[in-house]
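See structure below.
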Amino acid sequence: MGKPKSRYLFTSLLAAGVLALGACVTINVYFPAAEAQQAAEEFVEKVLGEDAAQGENPQSFQAPAHEGFDVASLFISSAHAQQADITIRTPAIQAIQSRMEARFQSSLKPHFDSGALGFGQDGRVVLRDATQVGLKDRVAVNQLVAEENRDRDAVYREIAVANNHPEWEGQIRETFAKQWVASARAGWWYQDADGAWKQK
């Protein structure tokens with residue numbers, strides 16, 4: 001008579017373990033790299049303008065297709081699955097984007113064309129070659145770079161917070177750093193992963 005009870009107890013423990021696994025899967029939200037890349041591409045290309053160069057291989061930024069059955073998907077609620085989206089359409093983010101777009105088109109773009117400015121490996125703008133800027137304009141250019149970098153730091157943080165994951169700020173920054181380079185026009189300068197300057 002002891003065997004049926006033991007079997008029932010084992011089944012109950014197994015079910016409890018599966019439920020616990022489901023809870024763990026729901027809590028551990030992954031960083032949605034493909035969605036973040038798409039958001040970065042949309043944001044960056046709006047800032048740089050319609051004449052910005054497109055990425056060399058746009059298909060590489062699409063989310064990979066998932067084949068087969070994923071057991072974990074049984075335990076992930078639809079609400080949790082929706083957290084994979086990255087929003088960049090809050091009033092705060094759009095206000096920063098508008099400032100960056102206006103600044104780039106009116107002031108920064110000629111300095112990227114001349115090679116004075118470049119895209120840093122950290123997603124910021126760097127005064128790469130001050131000799132390309134006239135003496136009378138250097139103070140103004142340094143001020144523009146400082147303002148731009150304040151907005152860039154703010155928008156990376158704001159995107160992470162707007163998506164309820166402030167801990168994603170570093171990954172958002174890294175994603176945007178790659179996208180600035182991917183969307184850059186031929187001839188513009190950027191830093192590679194080791195900090196060396198290269199011309200696109």
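Computed over heavy atoms, backbone and side chain alike; hydrogens, waters and symmetry mates excluded. Each residue takes its place number in the sequence, starting with 1.
- Expressed to the nearest 0.5 Å, how far CG of L127 lies from NE2 of H111 amounts to 9.5 Å.
- Looking at every heavy atom in both residues, V161 comes nearest to P166 through CG2-CB, 4.2 Å.
- Within the 4.5 Å cutoff, the side chain of V44 has heavy atoms near those of the F176 side chain.
- Using a 4.0 Å cut-off between charged side-chain N and carboxylate O, E42 and R89 make a salt bridge.
- How far CD of E101 is from CZ of F43: 9.5 Å, rounded to the nearest 0.5 Å.
- Taking each heavy atom of I172 and I159 in turn, the nearest pair found is CD1-CG2, 3.9 Å.
- Of all heavy-atom pairs between G118 and W197, the closest is CA-CZ3, 3.7 Å.
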Please step through side-chain contact (heavy atoms from CB on, under 4.5 Å) for the pair I93 and V155, ending with a clear verdict. CA-CA 6 Å; I93 293 170; V155 84; 4.1 Å; yes
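- Rounding to the nearest 0.5 angstrom, the gap separating the CZ atom in F104 from the CG atom in D151 is 14.0 Å.
- For R124 and D153, the salt-bridge test passes: some basic side-chain N is under 4.0 Å from an acidic carboxylate O.
- Atom NZ of residue K46 and atom CD of residue Q97 lie 5.5 Å apart, to the nearest 0.5 angstrom.
- Between the side chains of E147 and Q143, at least one donor N or O sits under 3.5 Å from an acceptor N or O.
- Proximity of P32 to W168: side-chain heavy atoms (C-beta onward) are separated by under 4.5 Å at one or more points.
- The main-chain N or O of A160 is never found under 3.5 Å from a side-chain atom of E167 such that the two would form a donor-acceptor pair.
- In this structure the side chain of W189 never reaches within 4.5 angstrom of the side chain of K200, judged on heavy atoms.
- Residues D192 and Q121 are not in side-chain contact: their nearest non-hydrogen atoms beyond the backbone lie 4.5 Å or more apart.
- Of all heavy-atom pairs spanning G115 and D129, the tightest one is O-CB, 3.9 Å.
- Checking D113 against W188 by side-chain atom types alone, a donor-acceptor pair falls below 3.5 Å.
- The cationic group of R152 lies under 6.0 Å from the six-membered ring centre of W180 and within 45° of the ring axis, placing it in a cation-pi geometry.
- Counting all heavy atoms, side chain and backbone alike, A162 lies closest to T87 at O-CG2, 4.2 Å.
- Side-chain contact between L48 and F112: absent, with no pair of heavy atoms (C-beta onward) separated by less than 4.5 Å.
- Nearest heavy-atom pair, A39 versus I88, reported as atom, atom and distance to 0.1 Å: O-CD1, 3.5 Å.
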